Amino acid sequence: MADVTFISSSIVRPQIINQEGREKIHLTPFDLNLLYVDYTQRGLLFPKPDPETHFISRLRTSLSSALDIYFPFAGRLNKVENHEDETVSFYINCDGSGAKFIHAVSDSVSVSDLLRPDGSVPDFFRIFYPMNGVKSIDGLSEPLLALQVTEMRDGVFIGFGYNHMVADGASIWNFFRTWSKICSNGQRENLQPLALKGWFVDGMDFPIHIPVSDTETSPPSRELSPTFKERVFHFTKRNISDLKAKVNGEIGLRDHKVSSLQAVSAHMWRSIIRHSGLNQEEKTRCFVAVDLRQRLNPPLDKECFGHVIYNSVVTTTVGELHDQGLGWAFLQINNMLRSLTNEDYRIYAENWVRNMKIQKSGLGSKMTRDSVIVSSSPRFEVYDNDFGWGKPIAVRAGPSNSISGKLVFFRGIEEGCIDVHAFLLPDVLVKLLADVEFLEKCG
């Protein structure tokens, strides 16, 4: 077990508290569905800077400047009780309350303890992330963003947890890019003001009223939660090229443009379900998080801030997924993503308001073996975040919302590569690591 000493914990507020005209952000059905989902956790591993650079104070000071621009992260979740119809409403109050900044030291841990050659993730890694066990609704009292800077023997890990109702992956990494630029050179002149997503659900009134009964949590289950193992699978540029060639060969369209993310997703889906112990006739699903910004009609600004994610799903049987091959699995994902329209998102939002089914855990607490969940994206430029002492040497996902089959995609440190941070049941992982067909496509 790693020893971590917590040196300090403070609230960092924006330098400019007044955000006139931007005090309130109303939440869409896509946001409110995440009320009981854990804060999303990610982290970047860096080489250790020279202590003479006073990097902790620089990080804290530049964070305050970055929060001037990304002011929603310094806000809090607010709840309004609507006594006239026994409902409640939620919104983000951009009041400048601040983000949490934690400074910790773990002299017993080195970079090699975290970056193991086999891709395994040590159990102690969870203490390098803030906001463990904190859910979106806890934003009523907790900061919407928390950062933990842990000094190691030969490196620094910046772990963070953020309220997913406020921002998605695109927005948090844009924030990191801005923060790192301010920290490295102190310049803010060329940074653009934040463009909020706004209210994009046409024909729907806001704020949305939720029955009080739907926001009351059940007592914790006495059932033991399953234990998951984490593994980072590295796909080289050659591995991905081979997967794409196999897809094209099987679907018979040599010139078909094959997405790297979709090819790797199909490979992971087939491989994991093959070892999940399910019957051939049982259903299996592949969820894919979709950025709606450019899919809506009219489209939103590509860089707009907020949570603009829709979880799309492909469903088939275990037998069909196995028998039809990689190319077929790829086509199911590809066709589903290409067929999504503005009408799908509108219907989802209307049905959510009508039925008010709020997720209580992840994408479904009973999903342990039959599904995979593809999140994040290799498009995010995670390795460009240089705070002034060098670029990151690794990126990782935290343990929040752990469910077997959760696959967090990151670009690899080498050009054209993809890393998949996977959360799997122990028996599934053991079988997967003995699967020659899987491993030959994974570097």
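This structure is a prediction, so every number in the text was calculated from the model and none was measured. Basis for what follows: all heavy atoms, side chains included, without hydrogens, waters or symmetry-related copies.
Checked by atom type and distance alone, the side chain of Asn335 never pairs as donor or acceptor with a backbone atom of Gln332 at under 3.5 Å. Side-chain atoms of Gln41 come within 3.5 Å of backbone N or O of Pro130 as a donor-acceptor pair. No donor-acceptor pair under 3.5 Å is formed between the side chain of Arg270 and the backbone N or O of Phe438. Between the side chain of Lys441 and the backbone N or O of His267 there is no donor-acceptor pair closer than 3.5 Å. One N or O on the side chain of Ser339 and one on the backbone of Met336 form a donor-acceptor pair closer than 3.5 Å. Judged by distance alone, the side chain of Ser402 and the main-chain N or O of Pro399 form a donor-acceptor pair under 3.5 Å. Here the side chain of Ser404 pairs a donor or acceptor atom with the backbone of Leu425 at under 3.5 angstrom. Asp419 contributes no side-chain N or O that, together with a main-chain N or O of Gly412, makes up a donor-acceptor pair within less than 3.5 Å. Thr284 places no side-chain N or O within 3.5 Å of a backbone atom of Val318 that could act as its donor or acceptor partner. Distance alone, capped at 3.5 Å, places no donor-acceptor pair between the Asn355 side chain and the Lys357 backbone.
For the residue pair Ala74 and Asp95, the shortest heavy atom distance occurs at O-OD1, 3.8 Å. Of all heavy-atom pairs spanning Ser259 and Lys244, the tightest one is C-CE, 4.1 Å. Here the shortest heavy-atom pairing between Val382 and Arg411 reads CG2-CG, 4.0 Å. Across all their heavy atoms, Arg13 and Ser97 have their closest contact at NE-O, 3.3 Å. For the residue pair Ser260 and Ile418, the shortest heavy atom distance occurs at CB-CD1, 4.0 Å. For Gly43 against Phe160, the heavy-atom pair with the smallest separation is N-CE2, 4.0 Å.
Taking the centre of each ring, His421 and Phe409 stay at or above the 6.0 Å mark. Separation of the Phe305 and Tyr70 ring centroids falls under the 6.0 Å cut-off. The ring of Phe410 has its center no closer than 6.0 angstrom to the ring center of Tyr383. In this structure, Tyr39 has its ring center no closer than 6.0 Å to that of Tyr162.
Under a cut-off of 6.0 angstrom, the local environment of CD in Glu84 is crowded, with over 12 non-hydrogen atoms contributed by other residues, nucleotides or ligands. The environment of NZ in Lys48 is crowded: more than 12 heavy-atom neighbours from other residues, nucleotides or ligands sit within 6.0 Å. Atom CD of Glu350 sits in a crowded spot, with more than 12 heavy atoms from other residues, nucleotides or ligands closer than 6.0 Å. Within 6.0 Å of the NZ atom in Lys181, the count of heavy atoms belonging to other residues, nucleotides or ligands does not exceed 12. Within 6.0 Å of atom CG in Asn78, more than 12 heavy atoms from other residues, nucleotides or ligands are found, so the atom counts as buried in its surroundings.
Contact annotation: the side chain of Met165 approaches that of Leu77 to within less than 4.5 Å [non-hydrogen atoms, C-beta and beyond]. Under the 4.5 Å side-chain criterion, counting only non-hydrogen atoms from C-beta, Val372 is not in contact with Met268. Looking at Arg369 and Asp427, their side chains come closer than 4.5 Å, going by heavy atoms from C-beta outward. Within the 4.5 Å cutoff, side-chain heavy atoms of Ser371 are placed close to those of Phe287. Within the 4.5 Å cutoff, no side-chain heavy atoms of Ile69 are placed close to those of Trp179. A 4.5 Å side-chain heavy-atom check between Glu81 and Ser89 finds every atom pair outside the cut-off. Using a 4.5 Å cut-off on side-chain heavy atoms (C-beta onward), Leu196 and Pro72 make contact. For the pair Leu340 and Ser312, the minimum side-chain heavy-atom distance is below 4.5 Å.
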Would you sort out whether Phe30 and Tyr348 count as a ring pair (Phe, Tyr, Trp, His ring centres under 6.0 Å), showing the intermediate values?
-> CA-CA 9 Å; Phe30 303 93; Tyr348 167 84; 5.1 Å; yes
Quick one: do Gln15 and Ser65 satisfy side chain to side chain contact (heavy atoms under 4.5 Å, CB included)? Show the steps, please.
-> CA-CA 6 Å; Gln15 292 179 352; Ser65 296; 3.1 Å; yes
For side chain to side chain contact (heavy atoms under 4.5 Å, CB included), just list the numbers for Val288 and Gln262, CA-CA rounded to whole Å, side-chain angles, deciding distance to a tenth of an Å, and then say yes or no.
-> CA-CA 9 Å; Val288 181; Gln262 292 172 27; over 6 Å; no
Start with the C-alpha gap between Asp38 and Val134, add the side-chain angles, then the distance that decides, and say whether side chain to side chain contact (heavy atoms under 4.5 Å, CB included) holds.
-> CA-CA 6 Å; Asp38 294 343; Val134 177; over 6 Å; no
Where do Tyr310 and Tyr345 land on the ring pair (Phe, Tyr, Trp, His ring centres under 6.0 Å) test, with the steps shown first?
-> CA-CA 8 Å; Tyr310 173 77; Tyr345 317 134; 5.2 Å; yes
Under the side chain to side chain contact (heavy atoms under 4.5 Å, CB included) criterion, do Thr87 and Val212 qualify, and how do the steps go?
-> CA-CA 5 Å; Thr87 64; Val212 172; 5.5 Å; no
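Here Asp138 does not pair with Arg76 in a salt bridge; the nearest charged N to carboxylate O distance is not below 4.0 Å. Of the charged side-chain nitrogens involved, none lies within less than 4.0 Å of a carboxylate oxygen, so that Asp291 and Arg379 do not count as a salt-bridged pair. By the 4.0 Å N-to-carboxylate-O rule, Asp118 lies close enough to Arg231 to be salt-bridged with it.
For the residue pair Glu343 and Asn297, no side-chain donor N or O sits within less than 3.5 Å of a side-chain acceptor on the partner. Remark: the His103 side chain and the Glu151 side chain contain an N/O donor-acceptor pair separated by less than 3.5 Å.
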Donor-acceptor pairs are to be reported for all side-chain atoms of residues 169-176 against protein atoms at under 3.5 Å, with residues two or more places apart or in another chain.
{"from": "Ser171", "atom 1": "OG", "to": "Asp168", "atom 2": "OD1", "distance (Å)": "3.3"}
{"from": "Ser171", "atom 1": "OG", "to": "Arg293", "atom 2": "NH2", "distance (Å)": "3.2"}
{"from": "Ser171", "atom 1": "OG", "to": "Gly306", "atom 2": "N", "distance (Å)": "3.0"}
{"from": "Ser171", "atom 1": "OG", "to": "Gly306", "atom 2": "O", "distance (Å)": "3.2"}
{"from": "Asn174", "atom 1": "OD1", "to": "Arg177", "atom 2": "NH2", "distance (Å)": "3.1"}
{"from": "Asn174", "atom 1": "ND2", "to": "Ala170", "atom 2": "O", "distance (Å)": "3.2"}
{"from": "Asn174", "atom 1": "ND2", "to": "Glu303", "atom 2": "OE1", "distance (Å)": "3.1"}

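Within the model, atoms CG of Leu59 and CZ of Phe55 stand 7.0 Å from one another, a figure rounded to the nearest 0.5 Å. Atoms CG and OG, on Asn33 and Ser136 in that order, are 10.0 Å from each other to the nearest 0.5 Å. We find the CZ-CZ distance between Phe101 and Arg60 to be 5.0 Å, quoted to the nearest 0.5 Å. Residue Asp344 holds its CG atom at 10.0 Å from CG of Leu292, rounded to the nearest 0.5 Å. Here the CD1-CG distance, from Ile182 to Asp68, works out to 8.0 Å after rounding to the nearest 0.5 Å. With rounding to the nearest 0.5 Å, the separation of CH2 in Trp352 from CZ in Arg354 is 13.0 Å.
A cation-pi arrangement is absent between Lys79 and Phe90, since the terminal nitrogen or guanidinium carbon is not both under 6.0 Å from the aromatic centre and inside a 45° cone about the axis. A cation-pi arrangement is absent between Lys135 and Tyr36 under the rule of less than 6.0 angstrom and at most 45 degrees off the ring axis.
Residues in residues 129-148 take part in these ring-ring contact (aromatic ring centres under 6.0 Å, His included) pairs, two or more places apart or across chains: Phe125-Tyr129, Tyr129-Phe157.
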